[in-house]
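So you know, we letter chains A, B, ... as the sequences are listed, proteins then strands, and number each from 1. These numbers were taken from a predicted model, which means no experiment stands behind them.
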Number of protein chains: 2
Amino acid sequence: MTFLRQPTRAGVRDAAAKIAAILPPTPLFKSEIKGMAVAFKAESLQPVGAFKIRGAWHRLTALDDAARARGVVAFSSGNHAQGIAWAARKLGMAATIVMPHDAPAVKRDATLALGAEVVGYDRATESREGIAARLAEARGATLVPSFDDPWIIEGQGSAGVEAAAQMARAGSGEPTHVVVPCGGGGLAAGLALALPDTLMTVVEPEGWDDMARSLEAGWIESVGLDAPPTACDSLQTQRVSPLTFDVLSRQGVQGVAVSEAETAAAQRWAVERLRLVIEPGGAVALAALLGGRIALEPGMLVLLSGGNVDPAAYARVLAG
Amino acid sequence: MTFLRQPTRAGVRDAAAKIAAILPPTPLFKSEIKGMAVAFKAESLQPVGAFKIRGAWHRLTALDDAARARGVVAFSSGNHAQGIAWAARKLGMAATIVMPHDAPAVKRDATLALGAEVVGYDRATESREGIAARLAEARGATLVPSFDDPWIIEGQGSAGVEAAAQMARAGSGEPTHVVVPCGGGGLAAGLALALPDTLMTVVEPEGWDDMARSLEAGWIESVGLDAPPTACDSLQTQRVSPLTFDVLSRQGVQGVAVSEAETAAAQRWAVERLRLVIEPGGAVALAALLGGRIALEPGMLVLLSGGNVDPAAYARVLAG
């Protein structure tokens, strides 16, 4: 795919202004880990339960009237689908989401409730990319990837602009180290653009730490065929994008991996200490701090990126 | 007990100003129930996980330097204890909390972590009121009740001032009907003073609806000896106070009761729709709307009053 442009810091600032006009900032909470104050940005409290609403809004508002009239297509069974559906509804655009036939009913229903059309496919025999591309072409609609897109990256970065302003207002100064969950790297790359002078660590589930390995190697490595099962469905990307990788690589970002047990413990900590529901993939950055994978220091900012849980699985996690 | 004064609307406004100077407003979320937009005030997101921090701050800041130096005593095994401990620590005051020996370790630890002294007693043979009164007298400390106090009522009412301002800023207009969990009635009475022109319904667990029965009877009735077990530990008051009853009675407030199953369903709804951890007692107002105990109308404001859950019990609720 050829891109007309790279994501930029100016684009992140533009996205932040557009998003501030329609959504209140998500709350920033302070709590202590082993006596050290840490700031938590609760993107789980966005209307659709994840930061994805930011990139979706920045992308769709960048379309002209003719493009908006032709609608938008996305493939996702998760938070990106809901972000696109939410933004499209707010703009009066038609949204079509390509989702596997066996997607959880709760996710399909949430997407339908936002007014999107859901097109099913068979995971075993069909390609969602192919279906989405054909749909977009037939309708003249815009296909919006979940992270491999400059607008999406800039939009997600608006969370960093917001958090830095909130920390400044709270007298906490600049963030010194931002710790962020990483799937395709859209949120991480956006934050890196938003906070170019801040140390950053991206966090992935064990075995799915392709961004960490890529950043160490200096080129993009894919997830191994032997990657273990993970509860972090929102971070299960097979391969990051050159756009996200390049931003993180240029800024010398490093990555760490956390175990499933560490992620579950972080979800429980969020219940007891912050009274927040955090999905597994949204809890990995917190897990890295609690598990001692990253040294604690003053001024840390942790992204709690999403809160869409499967109720039964979540109950099992809380039961320990 | 003789009170020097009644709680007033001016006192609520004063409390709101004092609290705005030290705490950001708790978030106000909008969601839909059966297609009707409803506003939710998430007091569960206060630093100690409940609105109790408001009354505690208003009460302790009203003490002069000499009284502050002698410290504060409270009896509670729950949210009031943590509210008092939090406010006392912030003011550099000594706080003593009288708590049963068999209180959950998580609550005792949270209170100790806030720097308070915990004095245990035996539920079967000792009176917590007596122990607290003796301690307060011996030390010259101020005994702060959890709801039977004009400052506490005014402080809790600051949540209503905040919520009304947030609804106005969001273009939602004045709240038309505020629905609030009720134990001793401190939060409800404070909100009634804050929002004198707004219809109010207080919500209690079935069998613990002494405020509803009192308001209907026109005099204070106690909880029956045959009251069933309830998960709503924070609403298990045997008898409301003349102070709270009088405020609600003068404003023609009515009450409804909800079942344990309705409360559990509301806790699950809060996870899936708001990504919030709400304790049973904090979820009863939402439960009354979801269960059809109160008719839905535009402009409703629902208090989610606390989020301190026992992890194991919470896991069972989420498992259904």
Q | Atom of A:Ser76, atom of A:Asn79 and distance for their closest heavy-atom approach | A | OG-N, 4.3 Å
Q) Looking at B:Leu112, B:Asp233, B:Ile97, which one forms a side chain to side chain contact (heavy atoms under 4.5 Å, CB included) with B:Lys107? A) B:Asp233
Report which part of [X] has an atom under 4.5 Å of a heavy atom belonging to chain B: side chain, backbone, both, or neither.
X        : answer
A:Gln46  : backbone
A:Pro311 : both
A:Ile278 : neither
A:Pro24  : neither
A:Val309 : side chain
A:Ala319 : both
A:Val48  : backbone

**Q.** SB check B:Glu162 B:Lys41 (cutoff 4.0 Å)
**A.** yes
Q. So, are B:Arg275 and A:Glu279 salt-bridged, with charged N and O less than 4.0 Å apart?
A. no
**Q.** Pick from B:Gly49, B:Ala312, B:Ser31, B:Gly320 with the largest number of heavy-atom pairs that fall under 4.5 Å of chain A
**A.** B:Gly49
Q) Below 6.0 angstrom between ring centroids: does that apply to A:Trp57 and A:Phe51? A) no
Q | B:Glu43 and B:Thr26 side chains, donor-acceptor separation under 3.5 Å | A | yes
